[in-house]
Amino acid sequence: MSKHQLDYLDELEAEAIYILREVAGQFERPALLFSGGKDSITLVRLAEKAFRPGKFPFPLVHIDTGHNFVETIEYRDAMVKRLGEKLIIGHVQDSIDQGKVVEQKGEKKKKKKKKKKKKKKKKKKKK
(Lines give C-alpha, C1' and ligand atoms only; values in the text may rest on other atoms or scores of the structure.)
Protein backbone atom coordinates (compact mmCIF):
# COMPACT_ATOMS: atom_id res chain seq x y z
CA MET A 1 0.00 0.00 0.00
CA SER A 2 1.38 3.40 -0.91
CA LYS A 3 1.89 6.29 1.50
CA HIS A 4 -0.92 8.23 -0.25
CA GLN A 5 -3.50 5.53 0.52
CA LEU A 6 -2.49 5.36 4.18
CA ASP A 7 -2.79 9.14 4.47
CA TYR A 8 -6.30 9.00 3.01
CA LEU A 9 -7.33 6.26 5.44
CA ASP A 10 -5.95 8.37 8.29
CA GLU A 11 -8.08 11.27 7.07
CA LEU A 12 -11.20 9.10 6.98
CA GLU A 13 -10.49 7.84 10.47
CA ALA A 14 -9.99 11.37 11.79
CA GLU A 15 -13.27 12.48 10.20
CA ALA A 16 -15.15 9.54 11.73
CA ILE A 17 -13.70 10.31 15.16
CA TYR A 18 -14.69 13.97 14.76
CA ILE A 19 -18.27 12.97 13.88
CA LEU A 20 -18.54 10.65 16.91
CA ARG A 21 -17.36 13.45 19.20
CA GLU A 22 -19.73 15.98 17.62
CA VAL A 23 -22.69 13.61 18.04
CA ALA A 24 -21.77 13.02 21.68
CA GLY A 25 -21.50 16.77 22.27
CA GLN A 26 -24.67 17.86 20.48
CA PHE A 27 -27.29 15.25 21.31
CA GLU A 28 -28.87 14.40 24.64
CA ARG A 29 -29.13 10.63 24.37
CA PRO A 30 -26.97 9.22 21.57
CA ALA A 31 -26.38 5.49 21.25
CA LEU A 32 -24.24 3.28 19.08
CA LEU A 33 -26.10 0.42 17.43
CA PHE A 34 -24.02 -2.73 17.75
CA SER A 35 -24.79 -5.98 15.96
CA GLY A 36 -21.50 -7.71 16.61
CA GLY A 37 -20.65 -7.65 12.91
CA LYS A 38 -17.58 -6.20 11.22
CA ASP A 39 -19.09 -2.74 10.69
CA SER A 40 -20.20 -2.44 14.31
CA ILE A 41 -16.84 -3.63 15.59
CA THR A 42 -15.16 -0.97 13.45
CA LEU A 43 -17.43 1.74 14.92
CA VAL A 44 -16.67 0.56 18.46
CA ARG A 45 -12.95 0.76 17.66
CA LEU A 46 -13.42 4.31 16.38
CA ALA A 47 -15.34 5.17 19.57
CA GLU A 48 -12.40 3.85 21.59
CA LYS A 49 -10.05 6.12 19.67
CA ALA A 50 -12.43 9.06 20.12
CA PHE A 51 -13.10 8.76 23.86
CA ARG A 52 -10.43 6.70 25.60
CA PRO A 53 -9.15 6.74 28.27
CA GLY A 54 -12.62 7.88 29.37
CA LYS A 55 -15.88 5.99 29.04
CA PHE A 56 -18.10 6.23 25.98
CA PRO A 57 -20.68 9.02 26.38
CA PHE A 58 -23.33 6.66 25.02
CA PRO A 59 -24.39 3.05 25.45
CA LEU A 60 -24.03 0.30 22.90
CA VAL A 61 -27.44 -0.97 21.73
CA HIS A 62 -27.99 -4.42 20.29
CA ILE A 63 -31.33 -5.40 18.74
CA ASP A 64 -31.50 -9.17 19.08
CA THR A 65 -33.50 -10.58 16.19
CA GLY A 66 -33.16 -14.13 17.44
CA HIS A 67 -31.30 -15.00 14.24
CA ASN A 68 -27.76 -14.53 15.54
CA PHE A 69 -24.91 -17.01 15.52
CA VAL A 70 -24.00 -18.10 19.04
CA GLU A 71 -20.42 -17.01 18.33
CA THR A 72 -21.61 -13.48 17.52
CA ILE A 73 -23.39 -13.16 20.87
CA GLU A 74 -20.39 -14.62 22.70
CA TYR A 75 -18.06 -12.17 20.94
CA ARG A 76 -20.41 -9.26 21.67
CA ASP A 77 -20.53 -10.11 25.36
CA ALA A 78 -16.75 -10.60 25.62
CA MET A 79 -16.10 -7.31 23.83
CA VAL A 80 -18.48 -5.36 26.06
CA LYS A 81 -16.94 -6.93 29.16
CA ARG A 82 -13.43 -6.08 27.96
CA LEU A 83 -14.46 -2.50 27.21
CA GLY A 84 -16.41 -2.02 30.44
CA GLU A 85 -19.14 -0.20 28.54
CA LYS A 86 -22.92 -0.24 28.94
CA LEU A 87 -24.85 -2.57 26.61
CA ILE A 88 -28.61 -2.32 26.12
CA ILE A 89 -30.21 -5.35 24.49
CA GLY A 90 -33.64 -5.21 22.89
CA HIS A 91 -35.33 -8.42 21.79
CA VAL A 92 -37.55 -8.35 18.71
CA GLN A 93 -39.54 -11.33 19.99
CA ASP A 94 -40.42 -9.46 23.20
CA SER A 95 -41.84 -6.60 21.13
CA ILE A 96 -43.86 -9.07 19.02
CA ASP A 97 -45.17 -10.81 22.16
CA GLN A 98 -46.19 -7.44 23.66
CA GLY A 99 -48.00 -6.43 20.47
CA LYS A 100 -45.69 -3.47 19.87
CA VAL A 101 -44.72 -4.75 16.43
CA VAL A 102 -46.33 -7.18 14.03
CA GLU A 103 -44.35 -10.03 12.59
CA GLN A 104 -44.24 -9.70 8.82
CA LYS A 105 -45.40 -12.64 6.78
CA GLY A 106 -43.89 -13.68 3.46
CA GLU A 107 -45.16 -12.03 0.28
CA LYS A 108 -46.91 -15.20 -0.95
CA LYS A 109 -48.90 -15.46 2.27
CA LYS A 110 -49.92 -11.79 2.01
CA LYS A 111 -51.17 -12.26 -1.54
CA LYS A 112 -53.15 -15.38 -0.54
CA LYS A 113 -54.80 -13.49 2.33
CA LYS A 114 -55.79 -10.64 0.00
CA LYS A 115 -57.32 -13.12 -2.47
CA LYS A 116 -59.28 -14.82 0.32
CA LYS A 117 -60.63 -11.47 1.53
CA LYS A 118 -61.73 -10.52 -1.99
CA LYS A 119 -63.49 -13.87 -2.40
CA LYS A 120 -65.31 -13.42 0.90
CA LYS A 121 -66.44 -9.93 -0.10
CA LYS A 122 -67.73 -11.22 -3.43
CA LYS A 123 -69.66 -14.03 -1.70
CA LYS A 124 -71.24 -11.54 0.74
CA LYS A 125 -72.28 -9.26 -2.13
CA LYS A 126 -73.92 -12.19 -3.99
CA LYS A 127 -76.00 -13.10 -0.93
Same apolar cluster: [X] and [Y], side chain cutoff 4.5 Å:
| X | Y | result |
| --- | --- | --- |
| Y75 | L60 | yes |
| V101 | L33 | yes |
| V23 | V44 | no |
| L20 | L9 | no |

Q. When rounded to the nearest 0.5 angstrom, what distance separates CG in L46 from CD1 in I17?
A. 6.0 Å
Q: Quick one: pull up CD in E74 and CE in M79 and give me the separation to the nearest 0.5 Å.
A: 15.0 Å
Enumerate, atom names and distances included, each donor-acceptor pair closer than 3.5 Å involving a side-chain atom of residues 86-97, sequence neighbours excluded.
unit_1	atom_1	unit_2	atom_2	d
Q93	NE2	D97	OD1	2.8

For [X] and [Y], which heavy atoms make the closest approach, and how far apart are they?
| X | Y | result |
| --- | --- | --- |
| S40 | S35 | OG-N, 3.0 Å |
| P59 | P30 | CD-O, 3.4 Å |
| A31 | V61 | CB-CG2, 3.6 Å |

**Q.** Under 3.5 Å donor-acceptor, T42 side chain and K38 backbone
**A.** yes
(Q) Any non-hydrogen side-chain atom of R52 less than 4.5 Å from a side-chain atom of L83? (A) yes
Q: Would you list the pairs meeting ring pair (Phe, Tyr, Trp, His ring centres under 6.0 Å) in which at least one residue belongs to residues 15-53, sequence neighbours left out?
A: F51-F58
Q | Audit row: R76, E85, salt bridge (charged side-chain N to carboxylate O under 4.0 Å, His left out) steps and yes/no | A | CA-CA 11 Å; R76 175 203 70 192; E85 295 294 342; over 6 Å; no
Q. Crowded around Q98 CD? As in, over 12 foreign heavy atoms under 6.0 Å?
A. yes
